[in-house]
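Heads up: the structure comes next, in structure tokens.
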Amino acid sequence: MTLKEFILSRVQVFFVLVTLILLGSGILGGIYAPEQELHYYHLFSPIIIAGACILPTCVTYFKKEPTPLQYIIRQVIELILIELVVINLVSPPPEYNGSKIEFYISIGCMIFIIYMIIQVLSWLKKYKQAIKLTEQLKTFQTAE
């Protein structure tokens, strides 16, 4: 993967992350602070969080194709770094009276779910590209 392709993929992931973070924030906000009103500047927080989450994904950039073990290790490191970034950026709402551990566990679960959705979407995109390339190769071989 070239650096340009990697950067383009990170931009795509950024916009998907913003959407999923907005969705997750709405769900968790409805659970933990349903009576709280949001102001317009709160709408920037998913953009800031998504931008901060893109930075740890730089550990997954490979100039050469990684081995399966290298790929898995870097994905685990990426997930841990993303979890740490988000947990440091997010805090419980002021009127939240529950356990902070419960709050952070639910945030961690939300991050994991979003991460897995991103991974599935990325895999589906690559799978679609592979099928298209295979069809083009078959067409090319039969043309000769």
With rounding to the nearest 0.5 angstrom, report the [atom1] to [atom2] distance, [X] to [Y].
{"X": "Ile87", "Y": "Phe103", "atom1": "CD1", "atom2": "CZ", "answer": "9.5 Å"}
{"X": "Met116", "Y": "Leu79", "atom1": "CE", "atom2": "CG", "answer": "8.5 Å"}
{"X": "Leu89", "Y": "Ser45", "atom1": "CG", "atom2": "OG", "answer": "9.5 Å"}
{"X": "Lys126", "Y": "Ser9", "atom1": "NZ", "atom2": "OG", "answer": "7.5 Å"}
{"X": "Leu81", "Y": "Ile77", "atom1": "CG", "atom2": "CD1", "answer": "7.5 Å"}

Taking side-chain contact (heavy atoms from CB on, under 4.5 Å) as the test, write out the residues that go with [X], two or more places apart.
{"X": "Ser99", "answer": "Ile101, Glu102"}
{"X": "Val13", "answer": "Arg10, Leu17, Ile54, Ile118"}
{"X": "Lys100", "answer": "Pro92, Tyr104"}
{"X": "Lys64", "answer": "none"}

key: With Glu78 via side chain to side chain donor-acceptor pair (under 3.5 Å) - residues at least two apart   = Thr60, Tyr115
request  = Name all residues meeting the side chain to side chain donor-acceptor pair (under 3.5 Å) criterion together with Lys125; count only those two or more places apart in sequence or in a different chain, and write none if there are none.
outcome  = Gln12
Throw together a table of side-chain donor-acceptor distances under 3.5 angstrom for residues 20-35, partners on residues two or more places apart or in other chains.
unit_1	atom_1	unit_2	atom_2	d
Ser25	OG	Ile21	O	2.8
Tyr32	OH	Ser106	OG	3.0

query = Checking Glu135 side chain against Lys132 main chain: does a donor-acceptor pair fall under 3.5 Å?
reply = no
ask   = Do Ile117 and Val16 have side-chain heavy atoms sitting under 4.5 Å apart?
value = no
task = Take Tyr71 and Glu65 through the test side chain to side chain contact (heavy atoms under 4.5 Å, CB included) and record every step on the way to the result.
result = CA-CA 9 Å; Tyr71 181 78; Glu65 192 67 30; over 6 Å; no
message = Taking ring pair (Phe, Tyr, Trp, His ring centres under 6.0 Å) as the cut-off, I'd like each qualifying pair that reaches into residues 7-31, sequence neighbours left out, listed once.
response = none
Answer with yes or no whether the hydrophobic clustering places [X] together with [Y]; edges join I, L, V, M, F, W, Y residues whose side-chain heavy atoms lie under 4.5 Å apart.
{"X": "Val85", "Y": "Phe44", "result": "yes"}
{"X": "Ile114", "Y": "Leu55", "result": "no"}
{"X": "Phe112", "Y": "Leu84", "result": "no"}

request  = Work out which heavy atom in Val18 is nearest to a heavy atom in Ile47; give both atom names and the distance.
outcome  = CG2-CA, 4.1 Å
Hydrophobic cluster (4.5 angstrom, side-chain heavy atoms) - remaining members for Val120 = Trp123, Leu124, Tyr127, Ile131
